[in-house]
Amino acid sequence: MEKNIKFEQNTPLWDNSLSIEERLDYLTGAMTLEEKIHCLTTGCSDIPRLGIRATYMGGEAAHGIEARHDQAFNKGVPEPTTAFTQPIGMSASFDRELIRECGRAVGEEARALYTRNGGGGLCRWAPTIDMERDPRWGRTEESYGEDPYLTGEMAGAYIRGMRGEDPFYIRCGATLKHFYANNVEKDRIKISSSVDRRNKNEYYLKPFKKAIMEGGAEAVMTSYNEINGIPAIVNDEVRHVLKGTYGLPGHVVCDGGDFSQTVNDHHFYQTHGETLANGLKAGVDCFTDDGEIVYAAAREALDNGWITEKDIDESVRNSFRTRIRLGMFDKEGDCPYQNVGEEYINNEEHQELARKIADEAVVLLKNENAILPLDENEVKNVAVVGPLSDVWYKDWYCGIPPYEVTVLAGIREAFPNAKISHETGLSEIRIRLTDQTGNNCYVGLDENTRLKLVTKEQAETFILNDWGCGSMTLVAKSNGRFVTLEEDTDIIKADKKEAFGWFVRELWNLKQEKNGFTLESWNKKQVIVDKDGHFSICVDNPPARFEIEIVKDGKTAAEKTAKEADHVIAVIGCNPVINSKEEVDRTTIALPTEQEELVKRVAAVNPNTIVALISNYPYAIGKLEKKVPAILLSASGSQELGHGIADVLTGKAAAAGRLNMTWYRSDEDLPDMNDYDIIQGKRTYQYFDREVLYPFGYGLTYASFSYEKMQIKKERGCIKVSCFIKNTGERSADEIVQLYVHKKGSRVQRPIRQLVGFERIHDIQPKETRKVTFMVQLWELEYYDVISERMILEDGTYQFMAGASSQDIRLEQSIEIDGTHAGKRNPFQATAADCYDAYDHMFLHRGINGSSCVIPGCAGDDPDEMKKQPVSGKLIYHDFVFSKKPLRLNITLKVLEPVKVTVTGKNVATVTAEPVDCYRMLEMDLPENFIETGKPETIQIQVEGKCKISKFVFA
């Protein structure tokens with residue numbers, strides 16, 4: 001049918017000689033209101049008279065193009081694409097140019113698939129630049145680390161590669177995820193992140209600023225969470241900050257399903273029409289949700305006068321501005337990225353890039369007595385052990401690569417003349433029912449692979465993999481398939497090729513109790529045996545009880561293999577959909593107990609045990625580290641994973657990757673996950689002041705380097721810092737030179753160190769010296785001043801430090817920078833409550849007129865819930881200068897339960913208040929000697945009882 005439809009191209013929309021805004025003027029004038037409404041999702045329908053073909057925005061591209069086609073909305077045959085290392089691994093390379101090349105490959109493959117299929121996929125939902133202030137976050141693999149400068153630089157390079165070099169046309173647009181403070185998965189669709197002004201402006205927003213203003217991002221996706229009680233989809237910072245201050249050129253989308261969740265989960269509005277109206281006014285253009293729901297909401301909003309056609313026009317202009325720049329209406333063939341063909345999909349160059357970034361992503365954590373690199377010509381006998389040694393795991397946002405190189409395969413290729421032996425270290429077991437009489441008391445498989453009771457002779461042998469925290473998998477050895485709880489049934493079968501899915505139904509918890517084991521399913525339901533002897537789940541019946549028979553002890557087998565080898569490579573780590581994932585945070589940073597025990601036992605029989613840790617987040621491996629001489633770290637996700645590990649093991653590739661997150665010693669080093677305050681919470685390398693396992697920026701090399709002759713000087717708009725590095729070792733190597741800064745004598749607590757520059761210097765030969773130069777933009781040194789309520793460059797002394805990590809500083813030099821003196825507070829002008837200098841036991845939530853209020857309690861608390869014991873909290877404000885003695889203090893607040901307010905200057909005043917259902921002004925009379933005049937003073941406000949404080953002013 002479509003062949004008979006003419007798509008008109010002789011219109012101003014297709015006229016390249018017109019400006020983009022003139023083309024959009026025509027478009028919004030020519031489209032009907034009905035057509036415009038249907039463009040409020042991420043797609044648009046065919047409009048033949050305007051030459052518009054149905055297209056969509058979106059698709060994932062975190063570390064390659066995701067074209068699995070395994071989800072309900074895009075079922076189909078998988079299209080293989082190049083799979084690069086996870087973003088957390090790519091970032092560990094500290095190599096802007098290489099990550100830019102990876103972005104280019106992603107953009108080329110997006111174009112090739114568009115040429116093949118049409119439809120869309122040219123503005124991808126990547127990169128994720130959420131700040132990783134907590135290593136337990138379930139989506140740590142998707143982002144670039146805990147530092148905003150590094151994240152902005154590395155994500156910006158990836159974006160520039162995707163985007164291309166043309167000043168107008170875009171090869172592939174990048175959509176930044178997720179705006180913002182989205183770092184907790186539990187209850188993410190309704191939880192509120194408490195973020196104060198300093199943390200917001202100095203930390204959480206900074207990578208968005210860099211990725212848009214320097215990286216050239218085309219679009220942004222809002223987050224699921226609320227920010228200080230405001231759902232991200234209606235946060236007006238989208239319009240004022242992203243589009244206004246940062247100048248985002250394209251469009252903004254909400255996260256998948258978040259449109260409906262604003263009513264259904266946040267309970268922020270009564271109707272979807274309110275969400276749509278306020279979302280549009282806040283700056284969101286496209287609502288990623290059921291199209292019928294969005295359409296009905298738009299009609300409701302129009303009928304009620306909440307929006308006008310002009311509001312919809314703005315959305316249409318923004319999404320079609322992106323489409324025009326993608327070349328979708330290029331009649332003259334001016335777009336240089338049109339008709340990119342099949343030759344770009346996983347071609348040889350892209351495979352080489354995948355291997356190169358897999359090499360550079362490896363971080364050498366330990367190398368005692370220079371045991372590495374191994375000489376492939378001298379090593380004769382290698383044992384490869386561990387549950388991750390010969391597997392390759394998908395993650396939620398990866399594609400299907402055309403091939404995967406496991407660590408075992410990479411080692412076999414790297415040591416062609418050596419004997420390579422292999423053991424997973426996983427035990428093989430039989431499961432026996434404890435309370436069954438007769439012969440049929442073992443677990444086996446029926447003809448449909450359902451689990452049922454059988455005789456001992458028919459018993460199935462299962463391979464048990466314990467991932468920790470009550471997550472295990474069972475693989476039937478007879479068919480190599482995972483035991484799974486079939487979707488939407490109570491049937492348990494061994495028929496899945498892999499443990500994978502939004503809900504990983506292949507997870508089980510074999511729980512040891514006094515009288516045997518019970519088996520619990522992924523969704524916490526107990527396993528029973530039905531009357532036919534089949535296994536199923538039930539919440540009411542008592543669970544079946546089992547005994548475990550060891551057929552093969554995996555650790556003992558690994559020990560035996562290790563004893564006979566010259567070197568052991570123990571491959572351990574995480575599964576990217578089991579240990580954590582979207583909607584699943586980690587509860588601990590401890591390594592799975594079974595993996596740690598395996599390494600200890602292997603290392604005890606062979607001291608030449610090298611650990612290859614495949615992980616997308618930090619682990620507390622302090623005890624393990626003492627047992628082995630060498631540890632390598634790599635993130636998962638790359639089709640060249642095994643080559644990356646092997647290349648660094650043998651020295652074929654330089655060991656030079658660096659950690660982009662702090663590795664803490666234990667869970668005790670971490671505050672509550674809901675605490676977004678990195679300053680007072682002492683999070684990340686910037687503020688954490690205790691001993692760590694591995695610091696930010698840490699990583700060893702196979703050579704040593706000296707740092708010399710640091711020079712620093714002011715240039716227009718920046719500080720120029722240079723130094724010389726010399727390879728003092730015996731091998732050529734890469735070095736990652738890092739530049740940090742500390743502001744001395746600041747009015748406020750500033751970072752212990754703050755990254756402001758880095759360079760990966762390649763292939764430095766022995767005795768060779770290279771000069772490294774950094775140009776630090778002055779705005780990178782600014783902090784948010786709560787008095788003037790803006791970012792300022794504070795004048796004074798700045799200490800610049802160059803080194804190999806945040807704690808391995810080799811050179812330092814200070815410079816005086818002319819900036820701004822922080823002002824003094826005027827007590828007789830209103831002070832917003834959230835403009836505090838410090839606090840104790842307080843959090844932020846929605847106040848009045850779009851402002852934030854401060855509430856006693858902990859971040860993550862319900863702002864309106866009353867607890868049995870009254871809560872209390874404290875706010876501290878420095879640098880008030882009183883020109884005269886105040887008579888009273890007026891505090892605007894909403895009182896939820898009887899509250900006592902105490903204000904302290906040089907003296908104390910107290911007042912009590914009863915609950916009211918609105919904000920009101922509470923007047924406090926002050927003693928005559930409450931405060932001294934003419935010099936800076938500190939005011940402290942302490943409250944006992946639940947209330948919401950908006951602002952205060954002295955009179």
Side-chain angles (χ1 to χ4, degrees), residues 1-32 35-36 38-39 42-59 61 65 103-124 159-175 216-219 247-251 285-286 313-345 347:
M1 283 294 289
E2 190 172 309
K3 292 181 179 178
N4 300 321
I5 298 175
K6 181 181 179 183
F7 285 82
E8 182 61 59
Q9 294 186 4
N10 293 316
T11 72
L13 176 62
W14 288 81
D15 188 347
N16 295 8
S17 69
L18 298 177
S19 72
I20 194 168
E21 298 307 319
E22 289 173 318
R23 296 163 78 174
L24 292 170
D25 287 342
Y26 164 77
L27 177 67
T28 52
M31 291 176 75
T32 66
E35 289 167 340
K36 293 172 184 177
H38 281 290
C39 291
T42 53
C44 70
S45 304
D46 286 338
I47 309 177
R49 76 180 195 285
L50 301 179
I52 297 173
R53 294 181 182 272
T55 56
Y56 65 89
M57 302 289 191
I65 295 297
R104 173 181 59 80
V106 167
E108 289 171 348
E109 296 196 15
R111 277 284 170 179
L113 291 181
Y114 181 72
T115 301
R116 178 193 290 173
N117 303 319
L122 289 183
C123 195
R124 292 273 166 172
I159 293 163
R160 287 190 291 274
M162 292 172 66
R163 186 188 184 285
E165 304 299 326
D166 192 88
F168 180 80
Y169 288 105
I170 304 168
R171 174 166 43 221
C172 178
T175 303
E218 178 65 16
L248 182 75
H251 63 281
D285 303 299
C286 304
D313 284 349
E314 182 181 348
S315 166
V316 171
R317 293 180 75 93
N318 290 334
S319 61
F320 273 86
R321 185 178 294 108
T322 296
R323 288 181 171 95
I324 290 172
R325 296 177 68 224
L326 287 168
M328 292 181 176
F329 305 105
D330 173 32
K331 182 172 66 174
E332 305 301 326
D334 292 341
C335 177
Y337 309 118
Q338 299 283 37
N339 302 317
V340 171
E342 301 290 324
E343 68 275 13
Y344 283 94
I345 297 181
N347 58 24

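Interatomic distance, CD1 of Ile52 versus CZ of Phe329, reported as 5.0 Å (0.5 Å rounding). The CG atom of Asp46 sits 9.0 Å away from the OG1 atom of Thr55 when rounded to the nearest 0.5 Å. In this structure, CD on Glu22 lies 8.0 Å from OG on Ser17, to the nearest 0.5 angstrom. Note that the CD atom of Glu35 and the CZ atom of Arg49 stand 4.0 Å from one another [nearest 0.5 Å]. Rounding to the nearest 0.5 Å gives a distance of 13.5 Å between CZ of Arg111 and CD1 of Ile345. Between atom CZ of residue Arg124 and atom CE of residue Met162 there is a gap of 8.0 Å, rounded to the nearest 0.5 Å.
Closest non-hydrogen pair, Thr11 versus Leu50, comes out as OG1-O, 4.3 Å. Nearest heavy-atom pair across Arg23 and Pro12 is CG-O, 3.3 Å. Nearest heavy-atom pair across Tyr344 and Ala112 is CB-CB, 4.4 Å. Closest heavy-atom contact between Ile65 and Leu113: CG2-CD1, 3.6 Å. Scanning both residues, Pro249 and Glu218, for their nearest heavy atoms gives CG-OE1, 3.7 Å. Of all heavy-atom pairs between Arg171 and Gly164, the closest is NH2-CA, 3.3 Å.
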Worksheet item: Stepwise, does the side-chain contact (heavy atoms from CB on, under 4.5 Å) test hold for Ile324 with Leu24?
Response: CA-CA 9 Å; Ile324 290 172; Leu24 292 170; 3.9 Å; yes

Worksheet item: Checking side-chain contact (heavy atoms from CB on, under 4.5 Å) for the pair Arg325/Arg163: CA distance, chi angles, key distance, verdict?
Response: CA-CA 10 Å; Arg325 296 177 68 224; Arg163 186 188 184 285; 3.0 Å; yes

Discussion item. side-chain contact (heavy atoms from CB on, under 4.5 Å), that's the test. Do Leu18 and Tyr26 meet it? Break it down for me.
Written reply: CA-CA 10 Å; Leu18 298 177; Tyr26 164 77; over 6 Å; no

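Ser45 and His38 share no donor-acceptor pair across their side chains, judged by distance under 3.5 Å alone.
Judged as a side chain to side chain contact (heavy atoms under 4.5 Å, CB included), and not counting sequence neighbours, Tyr56 has no contacts. Residues that satisfy the salt bridge (charged side-chain N to carboxylate O under 4.0 Å, His left out) test with Arg116, not counting sequence neighbours, are Glu79, Glu342. Annotation: side chain to side chain contact (heavy atoms under 4.5 Å, CB included) contacts of Asp313 (sequence neighbours excluded): Thr28, Lys36, Glu309.
Between Arg160 and Glu165, none of the side-chain N atoms (NZ, or NE/NH1/NH2) sits under 4.0 Å from a carboxylate O, so this pair counts as no salt bridge. A salt bridge links Asp25 with Arg317: at least one charged nitrogen is closer than 4.0 Å to a carboxylate oxygen.
Looking only at distances, a side-chain donor or acceptor of Thr115 sits under 3.5 Å from a matching main-chain atom of Val340. Put simply, the side chain of Asn318 never gets that close to the backbone of Asp285: no donor and acceptor are under 3.5 Å apart. A donor-acceptor distance shorter than 3.5 angstrom exists from the side chain of Tyr337 to the backbone of Asp166, with no hydrogens or angles considered.
Both cation-pi conditions hold for Arg53 and Phe7: the charged atom is under 6.0 angstrom from the six-membered ring centre and inside a 45 degree cone around its axis.
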